[in-house]
Amino acid sequence: MITAPTAGELIDAVIGFIETRVAPQMKDRDIFLARVAVNALAAVKREIAEGPAAEAAAAARLAALLGYEGDFAELNEKLCDALRSGDMDLSTPGVFDHLKASIIDQVKIDQPNYSGLKALQP
Amino acid sequence: MMTLEAALSALAPRLVPGATEALDVRRLSGGASQETWAFRVGERDLILRRRPPGGAGSGNAVGLATEAALIRAAAAKGAPVPEVVHVCAEEDGVGEAYVMGKVEGETLGARIVRNEAFAAVRPKLAGQCGAVLAQIHAIDPATAPALNTSDAASELEKYETVYRTVGPERPIFEAAFRWLKDRAPVLGSPTLLHGDFRNGNIMFQPDVGVAAVLDWELAHLGDPAEDLAWICVNSWRFGGTKPVGGFGDYAQLLEGYEAAGGKPVTLERVLYWQTLGSLKWGCMCLTMYASFASGADASVERAMIGRRTSETEIDLIALLERAQ
């Protein structure tokens, strides 16, 4: 595969285009939507950079928690089933730590400046 | 059909004695389920709130005549609300609507939390919010229009249905539903609640603080702690560090509530409802994303709000950690 431009560089180029060329011509609600579009691209960029490692770490924690291997989606579904049925809950060793670590990684991708992230991660 | 301008002009003498004309009729932004229009009659600035023509309204919303009656009932208890000037009848040609006096001020949470103009009044706001809720909660439901009653268990059932219908696999939601269901408090005597008391629906003024409580469409009967907790949900703090709306502390809110005649509510009960509130806002984010996913609303805003679901999950984790 090619090494450059990276996906991140392409996203940066589009963000730069929206911010410097598109947004200044927008009016009313479109100004807000242009900002949301930039935020969406920035989240995609972070997901490309950080998503695979976060998902691999989550899958490893899930495998330890559930006692068997599998891909993330499958293991995550099993955890949801166990929490729904009551087979596991927040007091089950490892459950809370897994949920906390996973959501910290997810919010770092979705909204790295969210106050709740800083509150949980001093 | 008459234009809105003509209909409001025909109404003008009943809004301001001797007036004959409605001027500067303009649509204000904001308010997804109801339209808000500003206009002027004589020297008076007025607001029209109406159901969009042909609009069905949202499922939980009370009718506009009910909203107007609740605002008047709150005013009678001394709560700061706009003055309801006229509730529109069918022959007014405006649709389902009411007219109220315009209240000046600021509703944007980020400005209340950060702007220098509010620095002096900010320490008083949480206590005022408590006092205003005590006034609203003092309305006798028997004297108000009939409203739905909900408690923690029925709210959880409603939002779990939403979550399961949208269908994501989110373990924090699963754990939170279970945790909240296991601890659902029993509803004592159902209290009249505003139902959406938070930054965005409260008009603040730098010199007085809380100037008016707006947007009554989610009013219902329920647990007083629900109203006290909703403004504490982190999503309404707009980056502010303090728990009540980003601007105040729990103790100030609860002291203000009790000092104004509210029955004592424990912090534990507020935190329970705050947890339920974060979960509820998370489900609302999922619903808004679902309208993008279905193609009903293809805007980037609807897509991106789906990514705000995780903010409610991190808030849930913080609240559940605190409760352990």
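Convention: sequence-line order gives letters A, B, ...; per-chain numbering from 1.
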Below 4.5 Å from any heavy atom of chain B, which atoms of [X] appear? Answer side chain, backbone, both or neither.
X	result
A/Ser85	backbone
A/Gln111	side chain
A/Arg29	side chain

If you round to the nearest 0.5 Å, how far is [atom2] of [Y] from [atom1] of [X]?
X	Y	atom1	atom2	result
B/Glu313	A/Gln106	CD	CD	7.5 Å
B/Glu321	A/Leu90	CD	CG	11.0 Å
B/Glu174	A/Leu79	CD	CG	8.5 Å

Taking 4.5 Å as the heavy-atom cut-off, does anything in residues 288-299 of chain B contact chain A, and if so which residues? none
For [X], is the [atom1] atom crowded, meaning more than 12 foreign heavy atoms sit under 6.0 Å from it?
X	atom1	value
B/Glu169	CD	yes
A/Glu9	CD	yes
A/Lys78	NZ	no
B/Arg183	CZ	yes
B/Gln324	CD	yes

Considering all heavy atoms, the nearest [X]-[Y] contact:
X	Y	result
B/Met304	A/Ala43	CE-CB, 4.0 Å
B/Ser310	A/Asp110	OG-OD2, 2.6 Å
B/Gly239	A/Ser115	CA-CB, 4.5 Å
A/Cys80	B/Pro171	SG-N, 3.5 Å

Region of [X] that comes under 4.5 Å of a non-hydrogen atom in chain A:
X	value
B/Arg237	neither
B/Asp315	side chain
B/Arg164	side chain

Could you walk me through whether B/Phe173 and A/Leu83 pass side chain to side chain contact (heavy atoms under 4.5 Å, CB included), step by step? CA-CA 9 Å; B/Phe173 277 20; A/Leu83 291 169; over 6 Å; no
Is there a donor-acceptor contact under 3.5 Å from the side chain of B/Arg178 to the main chain of A/Arg84? yes
N/O donor-acceptor pair under 3.5 Å between A/Asp89 side chain and B/Ala175 backbone: no
What residue in B/Thr241, B/Ile314, B/Ile317, B/Val300 has the most heavy-atom pairs under 4.5 Å with chain A? B/Ile314
How about residues 94-105 of chain A versus chain B: which residues have heavy atoms under 4.5 Å apart? A/Phe96, A/Leu99, A/Lys100, A/Ile103, A/Ile104
Go through it in stages, so that I can follow the logic: the residues are B/Arg307 and A/Glu47, the test is salt bridge (charged side-chain N to carboxylate O under 4.0 Å, His left out), and I'd like the CA-CA distance, side-chain angles, deciding distance and then a yes or no. CA-CA 12 Å; B/Arg307 285 287 174 122; A/Glu47 183 159 312; 2.8 Å; yes
